[in-house]
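Presented below is the structure to which this report refers.
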Amino acid sequence: MEGKKQPGPGRLRARAQDYFDRCDREGLHPSLPGLALGLGLEGRRELEKLAQGAGEAAGLLRRAITRVEEANIQSAYKKDSAASAKFILQNGFGYSEKTREQPPEEIVVSIVGEEP
């Protein structure tokens, strides 16, 4: 957070927990933009940038991001929210459809040599 003082690990932990508690109370689905705003950050990109750093605060942010990811994974198992959760996991967390490996095609090599 350039130009701003980053909250300490204890404050980040409390803000993250407040965000997840509010989601539970209000029946909201946790999201990365919501988490970022709950932490007092400008948005998701700032959250992800800070989470890439080192130290306790970055570790707390990575754990909070993983909690959002886990909520989306669990939603993928619910019929009414599976399509939305799949979209979020693919676009926000880098998940992809599992591709089936194609069996190798047979290659035929003909060797043409000089006639004796």
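Every value quoted in this text rests on a predicted model; they were computed, and no experiment measured them. Position 1 is the first residue of the sequence, and the numbers go up from there.
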Any residue meeting side-chain hydrogen bond (donor to acceptor under 3.5 Å, both in side chains) with Arg67, in chain and number order, not counting sequence neighbours:
Gln17
Can I get a per-line list of side-chain donor-acceptor pairs under 3.5 Å for residues 84-95, giving both atom names and the distance, sequence neighbours left out?
unit_1 : atom_1 : unit_2 : atom_2 : d
Lys86  : NZ     : Glu97  : OE2    : 2.6
Gln90  : NE2    : Glu97  : OE2    : 3.3
Asn91  : ND2    : Phe87  : O      : 2.9
Tyr95  : OH     : Glu69  : OE2    : 2.6

Testing Leu12, Leu39, Leu41 for side chain to side chain contact (heavy atoms under 4.5 Å, CB included) with Leu50, which one passes?
Leu41
Can you list, pair by pair, the side-chain donor-acceptor contacts under 3.5 Å of residues 51-60, counting residues two or more places apart and other chains?
unit_1 : atom_1 : unit_2 : atom_2 : d
Glu56  : OE2    : Arg13  : NH2    : 3.4

In Å and rounded to the nearest 0.5 Å, what is the CG to NZ distance from Leu47 to Lys49?
12.5 Å
Could you state the interatomic distance from CD (Glu26) to CG (Asp21), rounded to the nearest 0.5 Å?
11.0 Å
Over all atoms of both residues, closest heavy-atom pair of Phe20 and Pro30
CE2-CB, 3.8 Å
What about Leu37 and Ile65, same hydrophobic cluster or not, with Ile/Leu/Val/Met/Phe/Trp/Tyr joined at side-chain heavy-atom distances under 4.5 Å?
no
